[in-house]
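These notes are about the structure you will find just below.
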Protein chains: 2
Amino acid sequence: MSDNTIKHSSQEEGIVKLSILEMNRMSVEEFHEADKMPLVVVLDDVRSLYNVGSVFRTADAFRVESIHLCGITATPDGTLKAQQEIHKTALGAEDSVEWKYFANALDSVRELKEKGYRVLAVEQCHGSIMLQNFTPDNQPTAVVLGNEVKGVHQEVIDECDGCLEIPQFGTKHSLNVSTTAGIIIWKFAEANF
Amino acid sequence: MSDNTIKHSSQEEGIVKLSILEMNRMSVEEFHEADKMPLVVVLDDVRSLYNVGSVFRTADAFRVESIHLCGITATPDGTLKAQQEIHKTALGAEDSVEWKYFANALDSVRELKEKGYRVLAVEQCHGSIMLQNFTPDNQPTAVVLGNEVKGVHQEVIDECDGCLEIPQFGTKHSLNVSTTAGIIIWKFAEANF
């Protein structure tokens, strides 16, 4: 455990929670100016407002470049219900993280590819690359997450450069969209340290 | 990109989604018999039924050994509302993953330590170890996740062997509980490949 400098005497040395002020949280203006990870998260036909808000919050935490909201995915300027529900989970991250709406996810994917992004669908596919074998590099990348039930549309996968798969070993083989986004975004964030 | 065997011609080679049958999902009985990761997830005063259900689903996907539900955290055999809401997110993973209830999280932590588990609070603390610097080894480990607003109680942290922190760089510094669980559980799962 040479890497892990865990203190094994928290009671004596006092492992104390950080106060809000000690967290050095950015203002929204500082966030807009700050360097971002070269990662775009594309949500295609995500039904749950909770998932949308949660992805905004995770994207804020790791300074994701942008979120593309596609198809039926609600936007932070949508209906009053969408605004309220997204805000309840995003807790304001919908104001810090840049986002853009596309009626059709194919237009998002094509725009990203024209701009030089590698676009990867997050899915369980034949020929997909397992997340543990994937090493993010500096290439700007977009990841596409799909609908809670149907996943990423096959025609969107057909436009992607490949599939990234989170291996699963249980009875369900279907992670929650916001959990999936968290794992994938963390994978990219960790490679930046 | 030598590690990343992404196919760059998905249209020609056809990256096709797996069918349900191709996913090799386990039955609940097979899950109970299967080897688990030596990881226990402790939820202390988690308010949201959605978060509880989502953690079950992630724990199923990566074969977490057990979930300890503490304090106000709802259990899958609780009120009808709790049963329904947990099931809606867990999608049945509440039947595969082993769980145990403790009225006080301190009793969970003490039991785990007596059994030889290293117990780590997932929090933003002075002296915490950053997740990117943490390398899970074979030591049985428990991670404690706290309330959505208040986090892990300081008196629970005092009983832990250390704090594990997910670094955050945005305006909020507060990831969703189910997202946090996903990132942490994945970190342990990835180390097992």
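All chains are named by letter (A, B, ...) in the order of the sequence lines, taking the proteins before the strands, and each is independently numbered beginning at 1. As the structure is a computational prediction, the values presented were derived from the model and not from experiment.
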>> Tell me if a side-chain donor or acceptor on A:Lys17 pairs with a main-chain N or O of B:Lys150 at a distance below 3.5 Å.
In response: yes
> Can you check whether B:Leu91's main-chain N or O pairs, donor with acceptor, with A:Lys172's side chain at less than 3.5 Å?
Replying inline: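 Between the backbone of B:Leu91 and the side chain of A:Lys172 there is a qualifying donor-acceptor contact (under 3.5 Å).
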> So with a 6.0 Å cut-off around CD of A:Glu98, is the heavy-atom count from everything else above 12?
Replying inline: no
> Taking atom CZ of A:Arg47 as the centre, does the number of heavy atoms from other residues, nucleotides or ligands within less than 6.0 Å exceed 12?
Replying inline: no
> Going by heavy atoms in the side chains, are A:Thr179 and B:Ser54 under 4.5 Å from each other?
Replying inline: yes
Identify which part of [X] has an atom lying under 4.5 Å from any heavy atom of chain B, answering side chain, backbone, both or neither.
{"X": "A:Phe169", "value": "both"}
{"X": "A:Glu123", "value": "side chain"}
{"X": "A:Ser174", "value": "both"}
{"X": "A:Val152", "value": "backbone"}
{"X": "A:Ile166", "value": "side chain"}
{"X": "A:Ser96", "value": "side chain"}

>> I'd like to verify something: which residue of B:Thr180, B:Leu131, B:Ile185, B:Ile184 has the highest number of heavy-atom pairs under 4.5 Å with chain A?
In response: B:Leu131
> Atom NE2 of A:His173 and atom CE of B:Met26: how far apart are they, to the nearest 0.5 Å?
Replying inline: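 CE of B:Met26 is found 8.0 Å from NE2 of A:His173.
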> How far does CZ of B:Phe193 sit from CE of A:Met130, to the nearest 0.5 angstrom?
Replying inline: 8.5 Å
For [X] against [Y], the heavy-atom pair lying closest together:
{"X": "A:Ala61", "Y": "B:Leu175", "answer": "CB-CD2, 3.7 Å"}
{"X": "A:Pro167", "Y": "B:Phe62", "answer": "O-CE2, 3.2 Å"}
{"X": "A:Ile15", "Y": "B:Cys163", "answer": "CG2-SG, 3.5 Å"}
{"X": "A:Gln132", "Y": "B:Glu190", "answer": "CA-OE2, 3.7 Å"}

>> Using a 4.5 angstrom heavy-atom cutoff, name the option from A:Ala93, A:Cys125, A:Gly151 with the most pairs to chain B.
In response: A:Cys125
> Can you get from B:Leu120 to B:Phe102 by hopping between Ile, Leu, Val, Met, Phe, Trp and Tyr side chains that sit under 4.5 Å apart?
Replying inline: no
> If you measure only the distance, is there a donor-acceptor pair under 3.5 Å linking the side chains of B:Thr171 and A:Asp60?
Replying inline: yes
> Hydrophobic cluster mates of A:Tyr50, side-chain heavy atoms under 4.5 angstrom, ILVMFWY only, any path?
Replying inline: B:Tyr50
